[in-house]
Protein chains: 2
Amino acid sequence: PVTCRHLNKIYQQGHISIPALVDINLEIHQNDFVCLSGPSGSGKSTLLNLLSGLDTPTSGEIEVDGQRVDEMSRANLAEMRLHKIGFVFQAYNLIPVLSAQENVEFVMQLQGINRQERAKKSRTILKEVGLKGLENRRPGDLSGGQQQRVAVARAIVSGPSLLLADEPTANLDSQTAESLMQLLRTMNKEHGTTFLFSTHDKLVMDYSKRLVKLHDGRIKSDEAQA
Amino acid sequence: PVTCRHLNKIYQQGHISIPALVDINLEIHQNDFVCLSGPSGSGKSTLLNLLSGLDTPTSGEIEVDGQRVDEMSRANLAEMRLHKIGFVFQAYNLIPVLSAQENVEFVMQLQGINRQERAKKSRTILKEVGLKGLENRRPGDLSGGQQQRVAVARAIVSGPSLLLADEPTANLDSQTAESLMQLLRTMNKEHGTTFLFSTHDKLVMDYSKRLVKLHDGRIKSDEAQA
Ligand SMILES: Nc1ncnc2c1ncn2[C@@H]1O[C@H](COP(=O)(O)OP(=O)(O)OP(=O)(O)O)[C@@H](O)[C@H]1O
Ligand SMILES: Nc1ncnc2c1ncn2[C@@H]1O[C@H](COP(=O)(O)OP(=O)(O)OP(=O)(O)O)[C@@H](O)[C@H]1O
Ligand SMILES: [Mg+2]
Ligand SMILES: [Mg+2]
């Protein structure tokens, strides 16, 4: 569960200040399935990066599982991300010299999971996102949507309690996006995983129980949906 | 105008053959506005890369404006791309150390357009894709959808006769995507630019006059639409 209080992020470009997020107050509970939408440039990626500790706020507080993310050391943040948070980057950030399977296993290796277990889990998750047979391909030899799914697989394989995903279906056709969302909804129902996605995709929004809309760095609305 | 005859692309992974495109026959006429759709991995990016000469076919013929692209030297292909073809990459491929404006001006500089003219054109096109005020930002300091629009701006600024765009709205909200498509439709109507887009976005498909559907590397259907 995640809490933001009076969160602000201002980027500096020389002497110009760019307010990317303005006074964000948000509470996400365990097992929530929340969508973050808003125009290009409205602050979605910035918010996700702050919540995971990949970036630091200008002011305000962020709590993840009761811990003040904005005050943690880099080492502790890395530890938290390793054990609690799965992150799907808007630009995937796959390691080009590793295969799809090795990319997915990477995090589990850091988590000290043994070799056989890693191989079994990574092959299973790659199959579940529709990439069976592509385990040994490097990212550069995969299509855009295939790379995106490797990024998703990597983020969910070790069953994090919180998944932050930045536009996870942007490069997927509706059928592939649909089956991915079904997989994630199952994780939410069966494992209690908390989900916060940013998206422009109505299909994804329809899967969420709550929609938070951003506009020019502010929360415009925050409503439950059927 | 573009013609493909019995076009095949087979990737080799060690001793494994991956048929990415199978017996593609396609004709695109001057001033067409064509959408290419199909599941993730169906061959859209591969086809666009072949048409622009960025990749070479395994067999078959490709003609752009009467010239055999599959037989041209690298130098001639580069020349053709410089003067005739605008290309929007699925992963943008912006130059990280150049500003948005410098990225857009890059091609014009190669085309020998003078400094003043380049500055005027690049600022205009960046304004038209909604990025006014962001000219001096580097790609790393822009949102995903802002980077995507710089990539589009770069491809269209010098008024190419053929625009090939690989999922050009994947990271855009519907409003931004809508105004981008209106800009491109205007170019099609007023300048006779030929468009071939790959997309998963129904909004983009609705702007096209013709929809080519790919499936497992083959053309499944090729139909005019209202
Ligand atoms: N490093 C940076 N330096 C300066 N400004 C930045 C930087 N990163 C982002 N911005 C600006 O902050 C604002 C929010 O960016 P952000 O990436 O969070 O938007 P977004 O909602 O994810 O957009 P998109 O849907 O296009 O991905 C944008 O106006 C962007 O230009
Ligand atoms: N360099 C490569 N080596 C081996 N296989 C490749 C290579 N590039 C692409 N492929 C394969 O060729 C097929 C077509 O890929 P392509 O990138 O054209 O798909 P796409 O339709 O653009 O998909 P997406 O919608 O996900 O972007 C895919 O199965 C992909 O894995
Ligand atoms: Mg973003
Ligand atoms: Mg592609």
Side-chain angles (χ1 to χ4, degrees), chain A residues 11-14 16 18 20 37-49 89-92 94 99 129-131 133-134 136-149 166-167 169-180 198-203 205 213-215 217, chain B residues 11-14 16 18 20 37-49 89-92 94 99 129-131 133-134 136-149 166-167 169-180 198-203 205 213-215 217:
Chain A
Y11 290 110
Q12 287 300 132
Q13 286 267 322
I16 302 176
I18 298 147
S37 74
S40 168
S42 54
K44 305 180 294 297
S45 297
T46 302
L47 181 55
L48 292 173
N49 290 339
F89 292 87
Q90 189 163 358
Y92 323 150
L94 298 175
S99 71
V129 298
L131 300 180
L134 303 183
N136 300 326
R137 294 263 189 99
R138 286 183 181 186
D141 295 337
L142 290 172
S143 80
Q146 290 167 345
Q147 291 173 23
Q148 186 152 43
R149 284 178 276 162
D166 204 345
E167 298 187 34
T169 64
N171 283 288
L172 301 179
D173 55 283
S174 51
Q175 207 159 355
T176 310
E178 192 90 51
S179 48
L180 187 70
S198 75
T199 189
H200 292 304
D201 193 342
K202 181 147 196 324
L203 191 160
M205 290 182 217
K213 289 188 190 172
L214 284 185
H215 189 84
Chain B
Y11 290 110
Q12 288 300 134
Q13 287 267 323
I16 302 175
I18 297 145
S37 71
S40 169
S42 56
K44 303 178 296 296
S45 297
T46 301
L47 181 55
L48 291 173
N49 289 341
F89 293 87
Q90 190 163 359
Y92 323 150
L94 298 176
S99 69
V129 298
L131 300 180
L134 303 182
N136 299 327
R137 292 261 191 99
R138 286 184 180 187
D141 296 336
L142 290 172
S143 79
Q146 290 167 344
Q147 292 175 22
Q148 186 152 43
R149 284 178 277 163
D166 204 344
E167 298 188 34
T169 63
N171 284 288
L172 301 179
D173 55 282
S174 52
Q175 207 159 352
T176 309
E178 192 90 51
S179 47
L180 186 69
S198 76
T199 189
H200 292 304
D201 194 342
K202 181 150 197 322
L203 191 159
M205 290 182 217
K213 290 188 189 172
L214 284 185
H215 189 85

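We name chains A, B, ... by the order of the sequence lines, and we start the count at 1 in each one. Worth saying up front: this structure is predicted, and the values here are computed from it rather than measured.
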- Measure the spacing between CG of A/L203 and NZ of B/K202 and express it to the nearest 0.5 Å.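 Output value for this atom pair is 14.0 Å.
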Interface residue of largest heavy-atom contact number with chain B, from [options], under 4.5 Å:
options	answer
A/G144, A/S42, A/A91	A/G144
A/L172, A/T169, A/T176	A/L172
A/Q148, A/Q147, A/R149	A/R149

- Message: So does B/S40 get a backbone contact from the side chain of A/D173, meaning a donor-acceptor N/O pair under 3.5 Å?
- Response: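 Yes, A/D173 side chain to B/S40 backbone: donor-acceptor pair under 3.5 Å.
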- Query: side chain to side chain contact (heavy atoms under 4.5 Å, CB included) between B/R137 and A/I18: does it pass, once the steps are laid out?
  - Reply: CA-CA 11 Å; B/R137 292 261 191 99; A/I18 298 147; 3.1 Å; yes
- Over 12 non-hydrogen atoms of neighbours within 6.0 angstrom of CD in A/Q13: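 Buried by this count: over 12 neighbours within 6.0 Å.
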- Query: Of the backbone (N, CA, C, O) and the side chain (C-beta and beyond), which part of B/Q146 lies under 4.5 Å from a heavy atom of chain A, both, or neither?
  - Reply: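 It is both, since atoms from each part get that close.
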- Task: Take B/H200 and A/S174, measure what side chain to side chain contact (heavy atoms under 4.5 Å, CB included) needs, and give me the verdict at the end.
- Result: CA-CA 7 Å; B/H200 292 304; A/S174 51; over 6 Å; no
